Amino acid sequence: GVHFNDPKYPQQWHLNNRRSPGRDINVTGVWERNVTGRGVTVVVVDDGVEHTIQDIAPNYSPEGSYDLNSNDPDPMPHPDLENGNHHGTRCAGEIAAVPNNSFCAVGVAFGSRIAGIRVLDGPLTDSMEAVAFNKHYQINDIYSCSWGPDDDGKTVDGPHQLGKAALQHGVIAGRQGFGSIFVVASGNGGQHNDNCNYDGYANSIYTVTIGAVDEEGRMPFYAEECASMLAVTFSGGDKMLRSIVTTDWDLQKGTGCTEGHTGTSAAAPLAAGMIALMLQVRPCLTWRDVQHIIVFTATRYEDRHADWITNEAGFSHSHQHGFGLLNAWRLVNAAKIWTSVPYLASYVSPVLKENKAIPLSARPLEVLWNVSRMDLDMSGLKTLEHVAVTVSITHPRRGSLEVKLFCPSGMMSLIGAPRSLDSDPNGFNDWTFSTVRCWGERAKGTYRLVIRDVGDETSQAGVLRQWQLTLYGSVWSPVDIRDRQRLLESAMSGKYLHDGFTLPCPPGLNIPEEDGYTITPNTLKTLVLIGCFTVFWTIYYTLEVYLSQRNVAFRPICRSGPCHWPQRSQKAKEEGTELESMPLCSSQDPGGVGLESEGSPTTSRLHAPDLLDQGDWSLSQSRGALDVPQLLPPDLLQGKEAQMC
Amino acid sequence: LVGAGGPRAQGPRGLSWAVRLDGPEGEGAEESLERRADALAQATGLMNAGRIGELQGHYLLVQPAGHRQARQVKAIRQQVEAVLARHEAVRWHSEQRLLKRTKR
């Protein structure tokens with residue numbers, strides 16, 4: 001029942017699919033109940049956002065924006081040779097394009113505010129990423145990042161020391177302490193046999209890793225699998241299938257609208273938009289609440305390639321699709337009634353030194369670690385969320401390794417998939433893989449790490465040097481999880497999705513931002529220029545006055561009789577351009593004695609300019625004032641005169 | 001030149017190091033850390049480009065602008081690494097390298 005006059009809205013199948021009903025994010029029902037992302041700010045961390053475009057301008061948030069490439073507050077994209085810096089604007093349009101403006105398209109959370117942090121259009125370092133992840137983190141609620149390390153099927157990279165610290169700081173202190181929400185795209189390395197567990201942003205427990213499916217719900221050719229993927233949503237597929245329609249920039253060849261946005265870049269912002277809808281109905285959701293709601297509400301669907309496995313807690317997960325498709329109706333109804341999960345508990349095993357060879361045969365190397373109840377008593381950890389394994393493995397060809405982790409329930413996670421293009425001889429050095437496939441399962445029990453060498457060359461064997469297991473979870477018991485699952489299902493009718501029902505929401509913390517006002521280089525340069533300009537003109541005018549003084553034959557004969565003043569040229573006088581210069585005091589010695597000139601007492605009659613002739617009371621008054629020497633008693637005068645001199 | 005919100009992280013052309021400083025907690029901690037960063041910058045011949053975003057105790061030290069020979073750069077790098085490695089206030093340091101990131 002929702003109609004917009006935006007010309008491309010009918011083509012936005014991901015919002016409302018008329019051709020294949022159900023193949024969309026199921027958001028119109030949420031909009032009908034006025035849930036549009038109001039009060040939430042999403043920031044697109046990318047190559048800039050053209051916020052002047054009419055689909056974005058009304059929702060643009062300058063307070064949440066910044067340009068780290070040029071170091072100024074305006075994240076406008078800069079046209080480049082490849083006509084490439086439209087990426088951030090397209091992502092922004094998916095999230096918050098304004099409806100009913102007869103222009104292009106509509107955003108998922110068209111009531112939210114959209115900001116931009118321009119950071120990809122130039123050299124990027126760890127410290128710049130760290131600044132970006134916490135930039136205006138009390139204003140920006142959700143950080144949408146549709147980028148990452150190379151998806152070339154042979155890179156192992158992720159946030160470095162500062163980037164990691166900033167992600168952690170963001171979930172601790174961001175968004176008034178509820179935690180910034182970091183949404184990352186899982187990667188486009190499908191054609192290179194890549195796997196997003198080799199991407200530290202996707203692997204991070206602090207990020208929501210989003211994959212893509214095409215309009216038919218299948219994994220597109222470019223998409224990657226991984227055990228740390230939380231969920232998927234729609235994007236473009238191969239040529240026969242439709243891509244995502246969204247706002248585009250109108251610089252260079254841009255028209256302001258595109259029907260060709262695709263890749264996991266297009267999926268992540270849709271997820272960010274849906275999370276914005278969740279935060280409107282429940283602003284106090286923590287970063288972990290958001291992850292839990294995604295796990296509880298993502299929907300499994302029929303796809304025989306997906307290899308769905310249902311874990312001990314009843315959650316179905318696929319390496320291709322995570323816990324399934326994001327569904328805006330389910331996400332928002334769950335958010336409406338969600339009460340916060342218990343604090344994050346964790347358990348870290350000792351560093352387990354193995355130094356065991358990985359057999360060249362099909363037989364794998366298997367190592368175990370048992371986590372006892374006693375191990376968990378301290379943290380209270382009962383059920384799992386993320387499980388991370390940090391490994392150091394030497395091997396002459398890294399891509400030949402296959403690493404699997406089995407949780408106590410027997411749930412298998414392919415955490416290190418073989419990669420045919422990865423011939424790196426340096427193996428893994430303290431690389432952390434992670435999996436979400438054991439979410440909700442009991443933490444206690446034996447964990448099995450299984451490493452196989454699937455290479456075909458008979459090269460030298462790899463060696464597992466050491467590994468370390470880290471469990472993240474909470475005190476929730478399996479019963480608590482089942483209860484929550486039931487509670488959510490009861491809310492899916494939408495009966496709570498009205499303003500009459502609102503659970504109490506604790507206020508956030510008031511955390512000052514470190515953005516103490518400092519001068520940006522542009523401002524500083526302007527000030528310096530103004531300063532130079534001022535100094536120059538001051539010097540010029542001083543010289544001019546001095547020189548004109550000198551030219552004026554100024555020799556007053558004040559020794560006898562009244563001072564003669566240079567004849568003011570009639571012309572100059574008429575034009576009022578003559579220069580007035582006069583001594584401020586007579587030659588009278590302040591001590592009363594001295595070089596008194598004869599005759600009438602010499603006074604420094606202040607020849608006020610001609611305005612005196614335009615008589616009025618005040619002027620005659622000032623005339624009197626001007627002739628003040630006659631009026632004041634000498635002693636006072638002297639003092640007065642002395643002061644004046 | 002201090003840009004809004006921390007290090008002048010505009011595209012680093014020259015050498016730069018991120019450092020994690022040890023310092024007092026509580027009132028005045030920020031000023032004390034800033035002073036230590038300034039002193040460290042002086043000791044290394046770099047410029048204190050300010051705190052790195054919202055990360056307490058993390059500072060960016062950058063090489064003053066100016067073109068240098070490769071040999072000089074190498075010498076500067078070694079000298080800075082030596083100073084940072086033995087400085088008692090430095091808990092951690094890392095030379096900032098360009099990261100390769102691709103849009104997806």
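Remember, it's a predicted structure, so these values are computed and weren't measured experimentally. We name chains A, B, ... by the order of the sequence lines, and we start the count at 1 in each one.
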Determine, stepwise, if the pair Gln161(A) / Ser94(B) fulfils side chain to side chain contact (heavy atoms under 4.5 Å, CB included). CA-CA 9 Å; Gln161(A) 191 91 9; Ser94(B) 164; 5.8 Å; no
Between Asp67(A) and chain B, which part of the residue has a heavy atom less than 4.5 Å away: side chain, backbone, both or neither? neither
Looking at Gly187(A), Ala130(A), Gly189(A), which has the largest count of heavy-atom pairs under 4.5 Å with chain B? Gly187(A)
Go through the steps to decide whether Leu55(B) and Gln168(A) satisfy the test side chain to side chain contact (heavy atoms under 4.5 Å, CB included), and finish with yes or no. CA-CA 10 Å; Leu55(B) 298 179; Gln168(A) 187 175 56; over 6 Å; no
Reference residue Glu54(B); test side-chain contact (heavy atoms from CB on, under 4.5 Å); the match among Lys135(A), Gln138(A), His169(A): His169(A)
Pick one of side chain, backbone, both or neither for Asp46(A), based on which atoms fall under 4.5 Å of a heavy atom in chain B. side chain
Is it the case that over 12 heavy atoms from other parts of the model lie below 6.0 angstrom from the CD atom of Gln42(B)? no
If you round to the nearest 0.5 Å, how far is CD1 of Ile52(B) from CG of Asn134(A)? 11.5 Å
What closest approach, in Å, do Gly53(B) and Val131(A) show between heavy atoms, and which atom pair accounts for it? N-CG2, 3.6 Å
Interface moiety of Leu120(A) toward chain B, non-hydrogen atoms closer than 4.5 Å: side chain
If I take atom CG from residue Asp152(A) and atom OG1 from residue Thr102(B), how far apart are they, to the nearest 0.5 angstrom? 8.0 Å
Is Arg97(B) in contact with chain A via its backbone, its side chain, both, or neither, using a 4.5 Å heavy-atom distance? backbone
Reported NE2-to-CD distance for the pair His160(A) and Gln96(B), which is rounded to 0.5 angstrom: 9.5 Å
So for Thr155(A), is it side chain, backbone, both, or neither that comes closer than 4.5 Å to the heavy atoms of chain B? neither
Looking just at side-chain N and O atoms, do Lys103(B) and Asn188(A) make a donor-acceptor pair shorter than 3.5 Å? no
Electrostatic pair Arg104(B):Asp199(A) at N-O distance under 4.0 angstrom: yes
With rounding to the nearest 0.5 Å, note down the distance linking NZ in Lys100(B) to CG in Leu124(A). 12.0 Å
